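Written below as structure tokens is the structure these notes are about.
The figures here come from the full heavy-atom set of this structure, side chains too, leaving out hydrogens, waters and symmetry mates. Quantities reported herein were computed from a predicted structural model and do not represent experimental measurements. Chain identifiers are assigned alphabetically (A, B, ...) following the order of the sequence lines, protein sequences preceding nucleic acid strands; residue numbering begins at 1 within each chain.
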Amino acid sequence: MASDSVHVTLPDGKVIDLPAAASAYDAAAAIGPGLARAALAAVVDGELVDLHRPLPQSASLRLITERDPEALGLLRHSAAHVLATAVRRLRPEAQIGFGPAIEDGFYYDFGVDEPFTPEDLETFEAEIQAVIDADFPFEREVVDKVRARELFRDDALKLERLEEFADGETITVYRDGPFLDLCRGPHVPSTGRLQHVKLLSAAGAYWRGDETRQMLQRIYGTAFFKDADLAAHLERLEEAKKRDHRVLGRQLDLFAVDARVGSGLILWQPAGAIVRNEIEDYEKELILRHGYELVYTPHVMSERLFEISGHLENFQENMFGAMEIEGARYRAKPMNCPGHICIYQAGQRSYRDLPIRYAEFGTVYRYERSGVLHGMLRVRGFTQDDAHVFCTEDQVPSEIEALLDLVDEMLTTFGYPYTIELATRPEKAMGSEEVWDHAIGQLRTVLESRGLPFDVDEGGGAFYGPKLDFKLIDAIGRKWQGPTVQLDFNLPERFGMEYIGEDNERHRPVMLHRVLVGSMERFVGGLVEHYAGAFPVWLSPEQVRILPISEQFSEPASAYVAELRSQGIRASLHDRESLNYRIREAEMRKVPYMGVMGEREVENGTVAVRRRGGGRKQEVLDRRVFADQVREEIRTRGSG
RNA sequence: GCUCCGGUAGCUCAGUGGUAGAGCGCUUCCUUGGUAAGGAAGAGGUCGAGGGUUCAAUUCCCUCCCGGAGCUCCA
């Protein structure tokens with residue numbers, strides 16, 4: 001065996017020997033021609049690298065094919081380069097920014113004088129195909145800073161990035177055909193490996209995300225290995241569009257906005273108000289059972305309160321401006337916590353009283369920049385299902401545990417799987433690092449002791465404390481902001497909160513902020529998309545619609561509607577137009593149950609029940625049996 | 001807030017330098033129907049607001065308001 005040969009260890013433990021300077025591709029070829037064709041890149045000693053990179057003398061090797069989880073990101077990153085290649089061919093003057101792979105695709109930022117149009121995207125797509133057909137190899141080159149400056153002498157944005165490299169740090173560039181980019185890599189072997197690339201949209205994006213910097217034009221796209229996967233992805237986008245809560249909100253008369261009311265302020269129509277009220281009723285029942293007490297606090301409060309709380313100092317840019325009454329300044333509250341603290345301080349508290357758990361559906365107002373407003377999901381006025389737990393430091397872990405139970409029970413009711421994130425100290429924060437570290441440690445300990453998996457969101461905490469964020473996963477796999485639990489050692493300090501301990505001394509309580517749904521507006525907006533407007537029966541604005549075959553049967557039908565209503569079921573009568581028409585109306589209105597009554601039913605005391613989305617299938621039931629079934633479904637908050 | 005795109009009937013949208021159309025919805029009438037649109041007639045619009053250019057502006061220009069795709073931020 002020659003001393004300069006290469007030994008690679010494969011995942012299955014098998015060792016193969018190759019000539020010096022052999023690449024992962026050579027290894028693949030040695031294993032079989034099929035693998036050599038399929039290989040896209042390799043993981044060598046744990047690092048993802050190009051397929052044609054020479055291997056070290058001794059290495060562990062795993063070949064990456066399109067079946068591996070790393071493959072899509074790799075493909076899309078290469079697709080971004082192919083996009084830039086195409087754009088540069090057609091627009092040589094375009095400055096190149098960054099072009100990474102992102103969750104569902106990739107983007108590339110360009111500095112151009114004129115923004116791109118939809119027609120431009122079509123032209124670029126055609127050129128992308130040409131670049132793919134040309135099958136340019138992706139070639140990696142290691143360069144020094146001097147050489148890199150020379151290569152990118154006309155690319156101001158790349159030069160700026162270049163200066164951030166430390167002296168001696170490895171700088172790599174990638175070339176595919178005519179295009180050269182400063183890039184860490186790795187890439188697929190050649191542009192021909194890209195097959196199914198689709199450009200999706202173009203929009204402005206600040207250079208490096210900094211609004212004081214130049215605005216670039218970002219092109220978003222996606223890429224897949226299989227045409228069917230691309231088609232499925234585009235279908236998912238269509239599906240998301242169909243579920244858009246703004247569209248369904250209008251169709252189902254759930255909520256409205258009105259320029260006369262103002263941007264980012266929601267008008268809840270009766271149907272939407274029912275959904276919201278059901279959630280609030282459910283949650284009240286839930287939290288009262290879990291030892292909470294309901295409180296109410298004003299919407300407008302003296303500005304001095306927010307000086308004490310620190311909101312004026314830390315949150316002012318998100319607050320509505322002050323209003324002046326008799327020389328005193330008032331503010332719309334941006335959070336409910338100061339009010340709840342004042343209620344705590346309305347009396348002397350003993351350790352025997354703790355934990356105290358105050359809950360309020362508290363409406364808050366926050367200034368949000370106009371560009372971020374979005375339907376019900378991002379607004380300027382919203383109602384939080386807010387609660388604050390005041391307890392001793394010793395009680396924190398058990399309170400967190402109780403909250404984890406509460407969150408789990410609620411999210412299960414709505415059919416949301418979820419993930420947990422632990423968010424740590426942000427740059428702008430109150431309180432010492434020791435206090436923060438201690439608080440973060442407590443949250444971490446509880447999660448770990450329960451064996452719950454979680455991610456860490458560095459710097460994602462609120463200014464007054466670390467938090468646990470729950471992310472919901474909806475019916476089409478998207479993530480939503482869910483419950484949050486925030487630990488706060490700071491506000492009790494600022495307000496000088498106290499309780500009398502067992503030792504008859506004054507002690508400072510710890511405070512937990514928590515929301516379950518977060519904002520009623522956002523949560524209901526999210527639910528609309530989650531259920532695609534077809535709410536489960538307990539949440540449906542209209543639960544049963546009774547359709548007499550003809551007006552001849554309106555009277556018994558109307559009597560049955562009254563009977564259902566008297567049992568607490570939201571039922572209505574629709575007796576105009578043809579039956580076909582009314583069935584269609586009810587289906588489009590997403591009413592969960594339609595009850596048809598004609599001669600047969602009237603004679604037999606039955607109702608022909610058709611389920612939403614169930615087509616012509618019907619079930620003839622005794623009227624009382626049907627009412628009982630619906631009531632039971634409502635009572636158990638079934639997800640049907 | 002910034003870049004770009006848009007705002008015409010309640011909704012979805014077409015259209016034009018000479019003050020406007022469709023479908024759905026709404027109203028009325030006819031139809032009395034067995035599981036996703038029965039038929040007819042009618043009402044409904046200062047073409048987002050203000051200013052400018054023009055003999056004439058919904059149409060062209062400017063400013064503002066509102067919405068959308070993003071950037072940044074976030075419950």
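Among the atoms of the strands shown, base atoms are found under 4.0 Å from some heavy atom of A:Gly598. Here A:Arg218 lies in heavy-atom contact (under 4.0 Å) with sugar-phosphate atoms only. Within 4.0 Å (heavy atoms only), A:Glu114 reaches no atom of the nucleic acid at all.
Distance from the side chain of A:Arg369 is smallest for B:rU72 among the nucleotides B:rC11, B:rA36, B:rU72. Closest to the A:Leu579 side chain, of the nucleotides B:rC71, B:rG34, B:rA75, is B:rG34. Nearest nucleotide to the A:Glu368 side chain, out of B:rA75, B:rG34, B:rU3: B:rA75. Nearest nucleotide to the A:Arg584 side chain, out of B:rU12, B:rU3, B:rA37: B:rA37. In the set B:rC71, B:rA36, B:rG38, B:rA36 carries the atom at the smallest distance from any side-chain atom of A:Ile583. Checking B:rG1, B:rA69, B:rU35 against every side-chain atom of A:Ser201, the shortest atom distance belongs to B:rA69. Distance from the side chain of A:Arg378 is smallest to B:rC74 among B:rU32, B:rA37, B:rC74. Distances were taken from every side-chain heavy atom of A:Gln217 (C-beta onward) to each of B:rG67, B:rU3, B:rA37; the shortest belongs to B:rU3. Relative to the side chain of A:Val372, the nucleotides B:rG70, B:rU72, B:rA37 differ in distance, and B:rU72 lies closest. When each of B:rG34, B:rC2, B:rG25 is scored by its nearest atom to the side-chain atoms of A:Met215, the top-ranked nucleotide is B:rC2.
Per the stacking criterion (ring centres < 5.5 Å, plane angle < 30°), A:Phe382 stacks onto the base of B:rA75.
In this entry B:rG42 has B:rC26 as its Watson-Crick or G-U wobble partner, both defining distances falling under 3.5 Å. Across all strands shown, B:rG70 pairs with B:rC2; the Watson-Crick or G-U wobble distances both stay below 3.5 Å. Of all nucleotides present, none satisfies the Watson-Crick or G-U wobble test against B:rA57 with each distance under 3.5 Å. The nucleotide B:rU35 finds no pairing partner, because no Watson-Crick or G-U wobble arrangement with both distances shorter than 3.5 Å includes it. When both distances must be under 3.5 Å, the Watson-Crick or G-U wobble mate of B:rG21 is B:rC13. Both distances falling under 3.5 Å, in either a Watson-Crick or a G-U wobble arrangement, place B:rC64 opposite B:rG48.
Note: CG (A:Asn604) to P (B:rG34) measures 18 Å, nearest angstrom. For the pair A:His374 NE2 and B:rC71 C1', the interatomic distance rounds to 15 Å; values are reported in whole Å. The CD atom of A:Gln481 sits 13 Å away from the C1' atom of B:rC73 (whole-angstrom rounding). Between the CG atom of A:Leu265 and the P atom of B:rA75 there is a distance of 18 Å, given to the nearest Å. The CZ atom of A:Arg616 sits 5 Å away from the P atom of B:rA36 (whole-angstrom rounding).
One C1' atom belongs to B:rG45, the other to B:rG51, and the distance between them is 23 Å to the nearest Å. Separation of the P atoms belonging to B:rA75 and B:rC60 is 43 Å when rounded to the nearest angstrom.
A salt bridge links A:Glu164 with A:Arg161: the closest approach of a Lys/Arg side-chain nitrogen to an acidic carboxylate oxygen falls below 4.0 angstrom.
Partner A:Glu529 forms a salt bridge (charged side-chain N to carboxylate O under 4.0 Å, His left out) with one of A:Arg246, A:Arg478, A:Arg243 and no other, that one being A:Arg478.
A distance-only check finds a donor-acceptor pair linking the side chain of A:Thr424 to the backbone of A:Gly459 [under 3.5 Å]. A donor-acceptor pair under 3.5 Å is formed between the side chain of A:Glu601 and the backbone N or O of A:Gly598. Under the 3.5 Å distance criterion, the side-chain polar atoms of A:Arg612 are matched with a main-chain donor or acceptor of A:Lys590.
Between the side chains of A:Asp120 and A:Thr117, a donor-acceptor pair is found at a separation under 3.5 Å.
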